[in-house]
Each structure stands twice: as C-alpha cells, then as structure tokens.
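Reading through the structure tokens given below for one structure.
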Amino acid sequence: MTGFGKRLANAAATAAIAIAQVAAPAPVLARDVAQLPEALPRGAEIPANHDPLAAGILMEHQLEWIEDRSDLKLGQKGRRTGITYAEALDDTLIAAASREAGGDNVFYIGDTKDKGREFIGYVAHFARIVAKELGTVEEFLFEDQLEDGSSKLISAYRIRFASGFRVEALSSRPENIRGLQGVVVIDEAAFHANVREVLDAVNALLIWGGKIRVISTHNGVLNPFNELIREAEAGKIPFSLHFIPFQKAVDNGLYRRVCLLRGWEWSQEAQDAWEAKIRGAYGVRTAQMRQELDAIPADADGAALTYVAIEARSDASVQVIRWTLPDEVKSAPETARKIVVAQFCRDTLAPALAKLDVERRHDLGWDFARSGDGSAVVINELGTDMTRRGRIVVELRNVPFEMQRDVAFFLLEHLPRFGHAAFDATGNGAYLAEVCRQKKGERVSEIKLSAEWYRVNSGPYVLAFGDGTVSIAADKDVMRDHQALSYVNGVIRVPEDMRYKGEDGQTRHGDVAIAGILAWYASRQASFEYGYQPVVPGRGDDGFDGGDDEDEGVARDWWRPPMGARLRSGI
C-alpha cells in the first residue's frame with residue numbers, strides 16, 4: 001500500500017472509531033454542509049457525489065504534490081491547475097487521522113477571504129466523501145495575539161474532525177503565526193503583504209514538528225516568492241520544489257477534468273480551442289500570460305528595463321567590491337577605525353583602481369545608506385565613443401559615516417583623470433556629499449534625489465541601455481537592482497516600498513541602479529583638467545640655453561621650477 005493509501009485508511013479508521021463524535025450537535029455559528037454552495041463559492045460547486053479518489057480524477061502533478069511528504073514544500077504554478085484542490089484533499093486526510101497516524105491541525109492562509117472560503121468548501125466535501133465524516137463548517141473569529149500584548153480578531157472558517165484535529169482557513173494574515181502549531185499552508189504567497197515575514201515566522205513551527213506548504217502563481221521577478229524559489233533552487237533552503245505550469249496541467253488531463261465536471265464531451269479539437277481561447281484572452285499582454293499560465297515571473301509591473309536589455313549591457317570585467325562591517329566597529333576607538341579603513345583602501349581599492357585606464361576620464365556616482373540598505377558606488381569610464389563603461393562597483397554595508405568619508409576621499413584622490421562625482425545628498429547622505437564638495441569643489445555635485453531630478457536624468461540613463469552607450473557589472477545583484485527601476489507616476493525610479501533579498505540574503509533597494517544614474521549624471525558635467533609644464537633647468541622662456549646649469553652647481557635663479565613643482569610632475 002502506498003503512503004497515500006495508508007493515510008486514507010488511517011483517516012477512515014479514525015472516523016469510524018469516533019462516529020458518535022461526528023454526529024454531535026453543531027455550534028451555533030455552524031452552517032450545514034448542504035448550505036455551503038451559497039456561502040462558499042467555487043470550492044463547494046463540485047457535485048455532491050464527486051469522489052476525488054475515483055479513477056482518472058487526480059492528475060499526475062496533483063498526486064506528486066500529495067505524495068511528497070517533505071516538511072517544506074514549495075509550488076510555483078499556473079492558475080487553476082488544481083494544486084489548492086490537491087492540498088485540501090491532503091489536509092483533510094491529515095486532520096482526519098489520529099495523532100499516531102500522523103494527524104495534525106491545519107491552518108490555511110489565503111491572500112483573500114474568498115480563497116479561504118473556497119478551500120474550506122473543498123475540505124467540507126472531502127470530509128464527507130473521503131473521510132466519511134459529516135463535518136460542519138464553523139464561522140468564527142480567530143484571536144490573533146500581537147507582540148505588544150494586545151489582540152485583533154480575524155474572520156475565519158473551521159472544520160473539526162473526530163480525531164480531535166481541525167482545519168482552519170483564515171481570511172487574512174495573522175501577525176502571530178508563531179502561535180500556530182501544525183501544518184501551515186500559505187496560498188498565493190506572492191500576493192501576500194510581507195510574505196518574507198510570514199515565511200520567517202512559520203519557520204519556528206519546524207521546531208515542534210510542523211510542516212509548511214507555500215503555493216503561488218508568480219507576481220513579478222523581484223517578488224519575495226520568486227526569491228524563495230531561487231534560494232531553494234540554489235540549495236540555500238531545504239524546500240521541496242514543484243513546477244506546475246498550465247501546459248503541464250493540460251498535458252496531464254486538465255481539460256478532461258473540466259469536461260467531466262461540466263458534463264462536456266472531450267475531443268482534441270475542443271481542447272485545442274479551449275486552450276487557445278484562454279491564452280488569447282490575454283491579447284498582447286504576453287508577459288502577463290507567461291506569468292499567470294506558464295509560471296514564468298514577469299518583470300516588475302511598470303518596469304523601465306527588461307531583463308534582456310539589462311543582460312545585453314552587462315560586462316563580466318567590471319569589478320564588484322563588497323565591504324560589510326560588524327556593529328562592533330562603530331564602538332571601536334577612532335584610531336582602530338582609521339586603521340581598518342586604511343587597510344581596506346590599500347589592500348582592496350588601490351589594486352582595483354590600478355587597473356583603470358589612465359588615459360580615460362572617470363566619473364563617480366554614490367547612493368548613500370548607513371543602515372538597512374547599503375551604500376552603492378559606481379565608477380564609469382568615459383570612452384572616446386561617449387560610452388559610459390562601468391569599471392568598478394563598491395558596496396558598503398553597515399560602514400560608519402566617517403569611514404565612508406575616508407573611502408570617498410581615497411577614491412576622489414586616486415581616480416585617474418577624475419572628471420566629476422555626484423553624491424546622494426538626501427537625508428543622512430547630505431554630510432558625505434558636503435564634505436566631498438568641500439574637498440573637491442565644483443567637481444562634486446550634491447544631489448537631492450527628487451521626482452524632478454529623476455524625471456530629467458533617469459530617462460537618458462534607461463535609453464542608454466537601448467542604444468548601447470552604457471555598460472554595467474555582470475553581477476546578479478547589480479542586474480536585479482536595475483530591474484527595480486520602474487515607472488512611478490510617470491517617472492523612472494525605484495519605488496519606495498520595493499525591497500528584495502540579494503544573493504547574500506541582505507535587503508536591497510535598487511541601490512546600484514541609483515548610483516548608476518548618479519554616475520551617468522556626473523559624466524555629463526563639465527570637467528576641468530589642470531596640467532603643469534615645468535621649465536627645463538638651463539633653458540629660458542625661448543627654449544634656448546640660458547647659460548646656467550644646476551647640475552654644474554650654479555645656484556637656481558628666480559625663474560627655475562620650485563622643488564614642489566618638480567615633485568608634482570614626478571608624481
């Protein structure tokens with residue numbers, strides 16, 4: 001007997017033992033199963049005699065999902081491919097089984113109240129057909145205990161089983177998920193607010209043997225759900241992965257099940273027409289169609305740059321330097337901090353700067369951050385073809401103010417043919433921008449990032465990706481930062497509320513893209529270069545020998561180059 005079959009038998013046995021419990025009077029708020037179609041749409045629209053275990057009902061991908069007993073399961077799917085249906089069946093068997101047979105409570109968290117109603121409708125039906133229990137649905141208020149000791153009430157639905165376990169469908173995300181114990185199902189996770197916080201919270205359930213199921217269609221490439229998938233694919237988190245696009249469901253017999261449910265006659269011609277109608281309904285919105293049906297995440301809504309355009313301008317030769325400091329550094333003595341930053345400049349930045357072309361102008365853009373996000377620095381080389389080629393990216397995370405200042409001074413002093421620098425002077429960045437302006441004068445711009453500034457400067461930067469006059473680092477996080485550039489009220493910028501995880505697990509906010517726009521702006525500013533041609537000893541203004549020769553011990557006259565000038569030219 002398969003694992004699925006054993007669980008089915010255990011659920012039936014538990015129900016038989018406690019049949020008297022099943023027939024107990026329903027709570028006052030309970031609704032009889034026969035009344036569910038009106039109260040619980042879609043999930044209860046299935047025919048009364050519909051048996052999910054009948055031959056040909058469950059599709060292959062649904063069986064694969066149910067038979068996967070991993071503690072952590074992650075499903076990226078196309079719309080209406082039957083995974084919520086399969087999960088409801090699995091959860092019914094879990095709640096109906098005894099504790100010895102692996103029974104447990106189940107908590108379903110959908111993105112909308114309707115999803116909770118649909119799910120609980122499935123469970124109510126499966127409880128009667130599969131577990132042989134005359135379950136009733138209770139509508140109640142779930143008390144969510146908050147961290148500050150207060151509580152809030154969430155509308156919820158519940159079915160109690162003879163095993164003593166229950167299935168609860170919550171209408172909105174509880175803040176205290178850690179208080180739940182059992183199997184937690186997060187459906188349409190990509191459409192939840194703060195899904196990353198939800199996932200961090202439910203991880204605590206694993207300590208006591210709980211299980212987590214995360215199911216969703218995609219909602220953009222930068223969504224935390226897509227980040228979760230990338231982390232699972234990279235082996236960073238132990239989720240079992242399931243990929244269920246619409247086409248897979250069709251190949252597994254989705255349309256045949258639709259025909260069975262609707263009483264239609266199946267034919268290949270009818271199936272082809274049905275699929276063409278569904279895909280054709282998206283019109284020219286092919287990216288949306290691929291996202292919702294084929295489980296391929298689209299670029300962020302309103303994205304200014306496609307991934308293809310970004311990838312086309314990526315350059316693997318661009319150096320990416322990341323420097324993260326622990327919190328203890330800010331409390332260290334000033335001399336110690338000076339030593340740390342000097343060592344970083346000498347051992348890391350200096351070798352990178354030494355690789356730059358001394359014949360080319362270099363410009364710098366600096367997007368400032370002190371905590372949370374990181375500071376991002378982009379150094380571009382301006383070619384004779386007027387292409388701004390990225391040469392160095394520096395990211396500073398949790399670096400104290402004065403240490404960032406020292407890094408900035410080092411870069412400004414050692415950039416070959418330094419042209420111009422643009423510093424983010426918004427908020428705390430004003431200090432760094434000001435001291436750099438004091439040091440380098442008009443060759444440093446203090447930029448208050450505003451909608452108007454973005455309107456003037458972001459457009460040309462984005463257009464440069466199309467005409468090939470810019471290049472960036474071929475680095476996943478740098479490229480992802482550029483994907484974050486979006487149209488916000490008609491202006492290209494990074495939305496304020498857009499946050500996502502980098503390859504190191506740290507929060508990002510399009511910082512390198514902003515620094516890239518600043519560097520682009522800097523490269524368009526006038527640059528003044530000063531040269532000094534020393535007078536050759538022993539020659540007059542006319543170029544001829546003046547008769548004196550320092551090498552022969554003759555004292556230097558007033559017109560001879562001072563020692564400082566000779567030293568400067570030597571440097």
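Just so you know, these numbers come straight off a predicted model, no measurement behind them.
A distance of 9.5 Å separates CZ of Arg158 from CZ of Phe107, quoted to the nearest 0.5 Å.
Note on residues 283-297: pairs passing salt bridge (Lys or Arg N to Asp or Glu O under 4.0 Å), not counting sequence neighbours, are Arg79-Glu292, Arg279-Asp294.
Of the possible polar contacts, one joining the His61 side chain to the Thr81 backbone as a donor-acceptor pair under 3.5 Å is found. Put simply, the side chain of His509 never gets that close to the backbone of Asp497: no donor and acceptor are under 3.5 Å apart. Between the Ser375 side chain and the Phe368 main chain, no donor and acceptor come within less than 3.5 Å of each other. Side-chain N or O atoms of Glu227 include one that pairs as donor or acceptor with a backbone N or O of Lys501 at under 3.5 Å. Under a 3.5 Å cut-off, the side chain of Lys77 and the backbone N or O of Phe243 do not form any donor-acceptor pair. Looking at Ser98, its side chain never comes within 3.5 Å of a backbone N or O of Ser163 through a donor-acceptor pair. A donor-acceptor contact shorter than 3.5 Å is absent between the side chain of Asp424 and the backbone of Gly429. Using modelled atom types, one side-chain atom of Thr306 and one backbone atom of Ala309 make a donor-acceptor pair closer than 3.5 Å. Between the Gln483 side chain and the Leu305 main chain, no donor and acceptor come within less than 3.5 Å of each other. Between the side chain of Arg508 and the main chain of Gly374, no donor-acceptor pair closer than 3.5 Å is present.
Partner Pro297 forms a side-chain contact (heavy atoms from CB on, under 4.5 Å) with one of Ile229, Asn226, Asn219, Thr217 and no other, that one being Asn226.
Between Trp264 and Tyr255, the ring planes are tilted. Angles from 30° to 60° get that label. Ring-plane geometry between Phe126 and Tyr122 is classed as parallel, the angle between the planes falling under 30 degrees on a 0 to 90 degree scale with a further cut at 60.
With no hydrogens or angles considered, a side-chain donor-acceptor pair links Ser70 and Asp68 at under 3.5 Å.
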Evaluation steps, ring-ring contact (aromatic ring centres under 6.0 Å, His included), between His482 and Phe465: CA-CA 11 Å; His482 283 80; Phe465 283 79; 5.6 Å; yes

Verdict with reasoning, Tyr108 to Asp91, per side chain to side chain donor-acceptor pair (under 3.5 Å): CA-CA 9 Å; Tyr108 173 89; Asp91 294 336; over 6 Å; no

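Residues Leu58 and Tyr85 form a side-chain contact, since some pair of their non-hydrogen atoms from C-beta on lies under 4.5 Å apart.
For Phe246 and Trp274, the ring centers sit closer than 6.0 Å to each other.
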